[in-house]
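Working notes, structure below.
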2 protein chains.
Amino acid sequence: MALKKIVERQTGVALWRQIADRIRLSISNGDYDATGMVPPETALAQEFGVNRHTVRSALAALAEEGLVRAVQGRGTMIERKDRVSYPISRRTRFSQGLGRQVKDIATRLLSHAEVPASGEVASALAVSPGSLLIELRTVSSGDGRPLSTSVSYYPADCFPRMAEEYSRLGSVTKAFAAHGLDDYVRVSTELVARHADADELSLLRLSPGAIVMEAQSVNADLDGRPVEFSRTRFAADRMKLRIET
Amino acid sequence: MALKKIVERQTGVALWRQIADRIRLSISNGDYDATGMVPPETALAQEFGVNRHTVRSALAALAEEGLVRAVQGRGTMIERKDRVSYPISRRTRFSQGLGRQVKDIATRLLSHAEVPASGEVASALAVSPGSLLIELRTVSSGDGRPLSTSVSYYPADCFPRMAEEYSRLGSVTKAFAAHGLDDYVRVSTELVARHADADELSLLRLSPGAIVMEAQSVNADLDGRPVEFSRTRFAADRMKLRIET
DNA sequence: TATAGTTGTCTAGATCAATAGACATTTTGG
DNA sequence: CCAAAATGTCTATTGATCTAGACAACTATA
């Protein structure tokens, strides 16, 4: 007899959403790999101790995400189960890290601006508050699925053409090189997980209640002078982070 | 005029819970540090575009968590705003990492057992599948608040008294030392964020919909031989991870 | 070609979430 | 002491969520 998986009521999270989250997790854990299908609705309803209609709402949400596809008479098939692994190391480079896991990596520049350094960013970059920074906002996708969105800051005096070079070359590493900086290393990373806000939901095409992992990181040149501060938010159910110490 | 912060309806996540999550985030971001109080209920209701009763439900949930305390006539005071920072490096040691951030660190041993190595754990520890491992389950708290729960595996032939030594000494590092292993280093860490399951909700005293960060890590002795595989789940809204590369 | 097993659709009722308004109670400050 | 501002409590109503049951439509297979 299968353990009845408890879902909790009256918690502000609808049962169908709790169940959708659990099924999504089971899929990415490979629990259903033997058949490539989600168990029948009646079985899931019994397993979670809810009505079949409630399970159907959960599956409808997962179908909306493109994670499963229901076929009348046959069952509900799993369409996708991958979680892209992203390495964080002293030499973190976005595109290289994803490498062979996704065929098509696309990064879109959402906006760029010159802004004065606020307290937190200024201290991270070791510049005086108020000094000018280039701000870049981007979204990166793998095979058409948004994976992360990022806000990055660069000292405007050292890297005046950052926005232009980035949009021309499509890579931070190359844009740095165009300014004469050939190498840089990660000096700090702080990681937090939280619910996505409205902005992130739309940029990453997530459904409400979804989770983002937010990494605040500082990169520096080989003399230890900070050259980039960035805040990257990863769609948590599409990525895992591999930390290389 | 303050931007109206959008909360989304009919998404399976109750408005009061979305609002509670947003307020919790604002608290830990320090948005209310000037007063040490949450804005008045009527102001929040307007800000989020909902009824005051809905905001009250959100604040009641936060009060239940012990994060705020409402006082009639005065307002709703912030009781706690910390997010403990936990370092992940080549030499990660649990208690040392938390250091001065929490006065009282307590780790409780939930269970211990001898189990055969399953596929994933066996390959991480480089032992043959089915060989015996010591399994320890623990919960760690800081100042009475659960911060993380962990399942760890140790090769039984190398560390036969792991459970006894751990419960006697209260530290993995010391239990290793009692077996003659003086030093060890982190060789890999994989990080994922997801919704907490029923077990984690109760162990970490979280409310449903809460987030855990799960770190799967392997530690090895100085010859590179794996000595520990562990799966630690952190309460995401109480911790941030600082990655030292 | 039946039949069992599955998803799709509909109706009706019960429970939870959110709105709306009114007023009580407590604290703070003029 | 009074008024303003804040939280606490109550009632009523509406819409979303969940349950229950029945049956249709489709697929695979014996």
Side-chain angles (χ1 to χ4, degrees), chain A residues 4-23 27 32 34-64 66-79 207-209, chain B residues 4-23 27 32 34-64 66-79 207-209:
Chain A
K4 183 176 281 186
K5 294 183 187 171
I6 299 153
V7 281
E8 310 211 357
R9 290 149 198 268
Q10 296 170 28
T11 58
V13 183
L15 293 181
W16 64 264
R17 180 156 288 282
Q18 295 184 51
I19 291 169
D21 291 338
R22 298 275 289 266
I23 295 174
I27 289 174
Y32 306 140
T35 58
M37 303 182 79
V38 174
E41 293 170 354
T42 49
L44 289 170
Q46 183 163 17
E47 183 182 5
F48 290 110
V50 301
N51 191 275
R52 179 173 154 238
H53 293 295
T54 309
V55 169
R56 282 179 62 73
S57 301
L59 291 174
L62 296 177
E64 184 71 22
L67 203 63
V68 301
R69 185 165 50 89
V71 177
Q72 190 171 13
R74 271 180 82 192
T76 302
M77 284 165 290
I78 294 168
E79 294 281 272
S207 43
Chain B
K4 184 175 281 188
K5 295 183 188 171
I6 299 152
V7 280
E8 310 211 355
R9 290 152 197 267
Q10 296 168 30
T11 58
V13 183
L15 294 181
W16 63 264
R17 180 158 288 282
Q18 295 184 52
I19 291 169
D21 292 338
R22 299 277 289 267
I23 296 173
I27 290 174
Y32 306 140
T35 58
M37 303 181 79
V38 174
E41 293 169 354
T42 48
L44 289 169
Q46 183 164 17
E47 183 181 7
F48 290 110
V50 301
N51 192 274
R52 178 175 156 237
H53 292 294
T54 308
V55 169
R56 280 180 63 74
S57 300
L59 290 174
L62 295 177
E64 183 72 21
L67 204 63
V68 300
R69 186 165 50 89
V71 177
Q72 191 172 20
R74 273 180 80 193
T76 302
M77 284 166 291
I78 294 168
E79 293 281 272
S207 42

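Each chain gets a letter, A, B and so on, in the order the sequences are listed, and its residues count up from 1. Quick note: numbers below take in every heavy atom, side chains included, and nothing from hydrogens, waters or symmetry partners.
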Students should find that the end-to-end axis angle of the helix from C:dT1-D:dA30 to C:dG30-D:dC1, with five pairs defining each axis and rounding to 10 degrees, is 30°
Taking D:dT7, D:dA20, D:dC18 as options, the one with an atom nearest any side-chain atom of B:Pro40 is D:dT7
Taken to the nearest whole Å, CG/B:Asn51 to P/D:dT13 is 16 Å
Quiz item: OP1 or OP2 of C:dA17 less than 4.0 angstrom from a side-chain nitrogen or oxygen of B:Ser57, does that happen here?
Solution: no
Between CD of B:Gln46 and P of D:dA6 the distance, given in whole Å, is 12 Å
A:Leu15 CG to C:dA14 C1', in whole Å, measures 14 Å
Heavy-atom closest pair (B:Leu44 atom, B:Pro39 atom, distance to 0.1 Å) is CD1-O, 3.4 Å
Winner on side-chain proximity to B:His53, out of D:dC18, C:dT9, D:dC10, is D:dC10
Between the base of C:dG21 and the side chain of B:Arg52, is one N or O donor paired with an acceptor at under 3.5 angstrom? no
Rounded to whole Å, CZ of B:Phe48 lies from C1' of C:dA18 at a distance of 16 Å
Exercise. Taking atom CD of A:Glu64 as the centre, does the number of heavy atoms from other residues, nucleotides or ligands within less than 6.0 Å exceed 12?
Worked result: no
Between CG of B:Leu62 and P of D:dT7 the distance, given in whole Å, is 13 Å
- prompt: Can you check side chain to side chain contact (heavy atoms under 4.5 Å, CB included) on A:Met37 and A:Ile78, steps first, answer last?
  reply: CA-CA 5 Å; A:Met37 303 182 79; A:Ile78 294 168; 5.8 Å; no
Smallest heavy-atom separation, B:Ala58 atom then B:Trp16 atom, equals CB-O, 3.2 Å
Tightest non-hydrogen contact, residues B:Val38 and B:Tyr32, listed as CA-CD1, 4.3 Å
Which of D:dA20, D:dT7, D:dC18 is nearest the side chain of B:Glu41? It is D:dT7
Looking only at D:dA20, C:dT9, C:dA17, the nucleotide nearest the A:Arg56 side chain is C:dT9
What one should report as the nearest heavy-atom pair of B:Leu59 and B:Val68 is O-CG2, 4.0 Å
In numerical order, the residues of residues 70-79 of chain A whose heavy atoms come under 4.0 Å of DNA chain D are A:Gln72, A:Gly73, A:Arg74
Closest heavy-atom pair, B:Val13 versus B:Gln18, reported as atoms and distance to 0.1 Å, is O-NE2, 3.0 Å
Correct closest heavy-atom pair for B:Gly66 and B:Glu79 would be O-CB, 3.6 Å
**Request:** Step by step, work out the side chain to side chain contact (heavy atoms under 4.5 Å, CB included) result for A:Arg69 and A:Val71.
**Result:** CA-CA 7 Å; A:Arg69 185 165 50 89; A:Val71 177; 3.9 Å; yes
Atom CZ of A:Arg69 and atom C1' of C:dT6 are separated, to the nearest Å, by 15 Å
